[in-house]
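Down below is the structure, laid out as structure tokens.
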Amino acid sequence: MTKTKLKRKLINKPEENQKEEITEQQHNIHTHLYKFRFLNREHIQTLLNHKSRTYVINWLNDLTERKYLRRYYTEKMKLAGLPAIYSLG
């Protein structure tokens, strides 16, 4: 194998922490963030018309771990009880 073919194989190899696909709701979160640029969990939950905040938090954590999203959460926000702000990663 030549070096160029080897490099292409390494680039196309998925990272260990990435799963194969994202769910439909996670895709909707991504679409809303593309449209509005910055949203917090409450905004996303309202846009998805979803009652359970636990599911929304799990989806956001998963997307953040996969580096699809970026989370902004400072100590000051934590002390004030404000939700984290998300944007596209």
Side-chain angles (χ1 to χ4, degrees):
M1 268 189 190
T2 63
K3 288 184 181 180
T4 55
K5 288 183 181 177
L6 183 60
K7 285 183 183 177
R8 286 185 190 147
K9 284 187 176 181
L10 291 176
I11 290 171
N12 293 333
K13 184 178 179 183
E15 294 183 20
E16 292 177 5
N17 63 348
Q18 286 188 346
K19 296 179 184 175
E20 295 173 5
E21 296 180 10
I22 61 173
T23 64
E24 184 179 344
Q25 292 293 342
Q26 288 175 326
H27 179 70
N28 291 339
I29 290 170
H30 198 266
T31 305
H32 287 305
L33 280 167
Y34 180 77
K35 185 176 180 180
F36 294 108
R37 191 170 182 185
F38 293 103
L39 294 171
N40 63 29
R41 192 246 337 135
E42 294 169 351
H43 296 143
I44 293 168
Q45 190 171 344
T46 303
L47 289 168
L48 295 176
N49 293 323
H50 206 278
K51 293 180 182 179
S52 174
R53 79 178 210 174
T54 307
Y55 284 122
V56 175
I57 291 170
N58 288 338
W59 294 329
L60 290 169
N61 287 339
D62 185 41
L63 289 170
T64 304
E65 287 174 8
R66 294 188 199 189
K67 304 202 188 242
Y68 285 107
L69 303 182
R70 185 174 292 162
R71 178 186 292 132
Y72 301 97
Y73 195 57
T74 62
E75 190 67 31
K76 193 173 184 179
M77 292 170 71
K78 187 175 183 179
L79 291 174
L82 298 173
I85 298 172
Y86 295 90
S87 69
L88 294 178

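In what follows, every heavy atom counts, from backbone to side chain, and hydrogens, waters and symmetry copies are set aside.
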Quick check: are there more than 12 heavy atoms from other residues, nucleotides or ligands sitting under 6.0 Å from OH of Y55? no

Are V56 and I22 connected, step by step, through hydrophobic side chains (Ile, Leu, Val, Met, Phe, Trp, Tyr) whose heavy atoms are closer than 4.5 Å? yes

So which heavy atom on Y72 is nearest to which on S87, and how close? CE1-OG, 3.2 Å

Within this structure, what is the CD-CD1 distance for the pair Q25 and I29, rounded to the nearest 0.5 Å? 7.0 Å

Testing the basics here: between Q26 and R66, what is the closest heavy-atom pair and its distance to 0.1 Å? OE1-NH2, 4.5 Å

Between atom CD1 of I44 and atom CH2 of W59, what is the distance when rounded to the nearest 0.5 Å? 11.0 Å

Could you check, using the six-membered ring where one of them is a Trp, whether F36 and H43 have ring centers closer than 6.0 angstrom? no

For N61, what residues pass the side chain to side chain donor-acceptor pair (under 3.5 Å) criterion, not counting sequence neighbours? R71

CG of L69 to CD1 of I85: how many Å apart, nearest 0.5 Å? 13.5 Å

To the nearest 0.5 Å, tell me how far R53 CZ sits from R41 CZ. 5.0 Å

Grouping I, L, V, M, F, W and Y whenever their side-chain heavy atoms are under 4.5 Å apart, do Y34 and Y68 come out in a common cluster? yes

Would you call L47 and L39 a side-chain contact if the rule is heavy atoms closer than 4.5 Å? yes

Path from F38 to L63 over hydrophobic side-chain contacts below 4.5 Å: no

Any chain of hydrophobic side-chain contacts (each under 4.5 Å) joining L33 to L48? yes

Can you measure from CD (E24) to OG1 (T31) and round to the nearest 0.5 angstrom? 10.0 Å

Please list, chain by chain and in numerical order, all residues satisfying side chain to side chain donor-acceptor pair (under 3.5 Å) with H27, sequence neighbours excluded. none

Which atoms form the tightest heavy-atom contact between E42 and N40, and what is the distance? N-OD1, 3.0 Å

